[in-house]
Amino acid sequence: VQLQASGGGLVQAGGSLTLSCTASGITFDENPVAWFRRVPGKEREEVSCFSGRDGGTGARAHYSNSVKGRFAMSSDSTMKIAYLEMKNLQPSDTAVYYCAARSFPQLEGVNNPCSDFFYTYWGQGTQVTVSS
């Protein structure tokens with residue numbers, strides 16, 4: 001299994017970027033994706049995840065308070081490419097962004113489905129820099 005994150009770059013505050021996560025060996029409908037980010041010197045932060053099968057009727061997207069309303073997850077029809085669309089980016093969004101995937105589709109009855117505890121497969125990260 002491999003996950004390849006891409007799409008990072010430099011953008012001005014208020015701008016937009018869309019990150020991609022390309023999977024080999026899994027599909028995101030069975031292995032839902034999550035996004036995390038890390039600022040050097042700080043702990044990895046949860047950004048977003050699905051608690052159910054991505055694209056399924058039970059899929060529910062979760063977003064951290066810091067990105068809610070600005071970021072949105074989606075996948076392509078093959079369910080091998082996941083996207084994180086980021087709008088109205090702010091300097092505080094500057095970080096290395098990672099995609100990850102679970103080894104199981106459904107996650108219910110937990111307080112925090114975006115906890116990295118639940119994610120087995122990880123991409124290498126892509127840098128997002130937002131200038132003020």
Side-chain angles (χ1 to χ4, degrees):
V1 175
Q2 286 189 330
L3 299 179
Q4 179 78 31
S6 61
L10 174 64
V11 63
Q12 288 188 329
S16 301
L17 276 177
T18 297
L19 305 182
S20 300
C21 180
T22 302
S24 60
I26 61 170
T27 56
F28 291 123
D29 52 343
E30 294 294 329
N31 305 95
V33 71
W35 292 89
F36 299 82
R37 64 188 183 186
R38 174 174 275 165
V39 175
K42 296 187 176 181
E43 290 190 0
R44 185 166 55 201
E45 178 188 4
E46 304 154 5
V47 174
S48 60
C49 71
F50 286 105
S51 53
R53 279 184 167 88
D54 183 6
T57 56
R60 181 183 172 192
H62 302 261
Y63 298 93
S64 68
N65 288 334
S66 61
V67 308
K68 196 173 296 182
R70 300 187 297 122
F71 289 16
M73 294 185 294
S74 63
S75 299
D76 76 336
S77 60
T78 68
M79 302 305 286
K80 291 187 176 182
I81 304 177
Y83 302 101
L84 181 68
E85 183 181 15
M86 306 183 294
K87 297 181 178 180
N88 191 22
L89 284 161
Q90 301 301 313
S92 56
D93 296 315
T94 295
V96 177
Y97 284 71
Y98 299 87
C99 59
R102 294 200 299 265
S103 61
F104 53 92
Q106 208 73 17
L107 184 61
E108 298 175 348
V110 297
N111 290 332
N112 184 12
C114 296
S115 169
D116 60 7
F117 175 82
F118 298 115
Y119 295 88
T120 302
Y121 310 116
W122 290 83
Q124 85 291 358
T126 184
Q127 176 72 46
V128 172
T129 303
V130 185
S131 63
S132 57

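One is the number of the first residue; the rest follow in order along the sequence. The basis for the numbers below is simple: all heavy atoms, side chains too, and nothing from hydrogens, waters or symmetry mates.
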Which atom of [X] lies closest to which atom of [Y], heavy atoms considered:
{"X": "E45", "Y": "S64", "result": "OE2-OG, 4.4 Å"}
{"X": "A23", "Y": "L3", "result": "CB-CD2, 3.6 Å"}
{"X": "A101", "Y": "I26", "result": "CB-CD1, 3.6 Å"}
{"X": "G8", "Y": "L19", "result": "N-CD2, 3.5 Å"}
{"X": "V11", "Y": "G15", "result": "CG2-CA, 3.8 Å"}

- Any side-chain heavy-atom pair of Q4 and Q124 under 4.5 Å: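 Yes, side chains in contact.
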
- Item | Non-hydrogen side-chain atoms of R102 and L107 separated by less than 4.5 Å |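 Touching, per the 4.5 Å side-chain cut-off.
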
All N/O donor-acceptor pairs, side-chain side in residues 83-98, below 3.5 Å, sequence neighbours left out:
unit_1, atom_1, unit_2, atom_2, d
N88, OD1, Q90, NE2, 2.9
Q90, NE2, N88, O, 3.2
D93, OD1, R37, NH1, 2.9
D93, OD1, R70, NH2, 2.9
D93, OD2, R70, NH1, 2.7
D93, OD2, R70, NH2, 3.3
D93, OD2, Q90, N, 2.8
T94, OG1, P91, O, 3.0
T94, OG1, V130, N, 2.9
T94, OG1, V130, O, 3.4
Y97, OH, R37, NH1, 2.8
Y97, OH, D93, O, 2.6

- Query: Quick one: do the H62 and S51 side chains pair a donor with an acceptor below 3.5 Å?
  - Reply: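 A pair is found: one side chain offers a donor N or O, the other an acceptor, under 3.5 Å apart.
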
For the atom pair [atom1] ([X]) and [atom2] ([Y]), what is the distance rounded to the nearest 0.5 Å?
{"X": "S75", "Y": "D29", "atom1": "OG", "atom2": "CG", "result": "8.5 Å"}
{"X": "S74", "Y": "I81", "atom1": "OG", "atom2": "CD1", "result": "10.5 Å"}
{"X": "Q106", "Y": "E30", "atom1": "CD", "atom2": "CD", "result": "9.5 Å"}

- Is the ring centre of F50 less than 6.0 Å from the ring centre of F28?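 No - the distance between ring centres of F50 and F28 does not fall below the 6.0 Å cut-off.
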
Determine, using the 4.5 Å side-chain heavy-atom cutoff (strictly less than), whether [X] and [Y] are members of one ILVMFWY cluster.
{"X": "V1", "Y": "W35", "value": "yes"}
{"X": "M73", "Y": "V47", "value": "yes"}
{"X": "F71", "Y": "Y119", "value": "no"}
{"X": "L17", "Y": "V33", "value": "yes"}

- Let me know which of F118, W122, F117 forms a ring pair (Phe, Tyr, Trp, His ring centres under 6.0 Å) with F36.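 Passing option: W122.
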
- Task: Please list all pairs passing the disulfide bond (SG atoms under 2.5 Å apart) test where one or both residues lie in residues 15-45, with sequence neighbours left out.
- Result: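 Sorted result for residues 15-45: C21-C99.
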
- Does atom CD of Q2 have more than 12 heavy-atom neighbours, drawn from other residues, nucleotides or ligands, at distances under 6.0 Å?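 No.
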
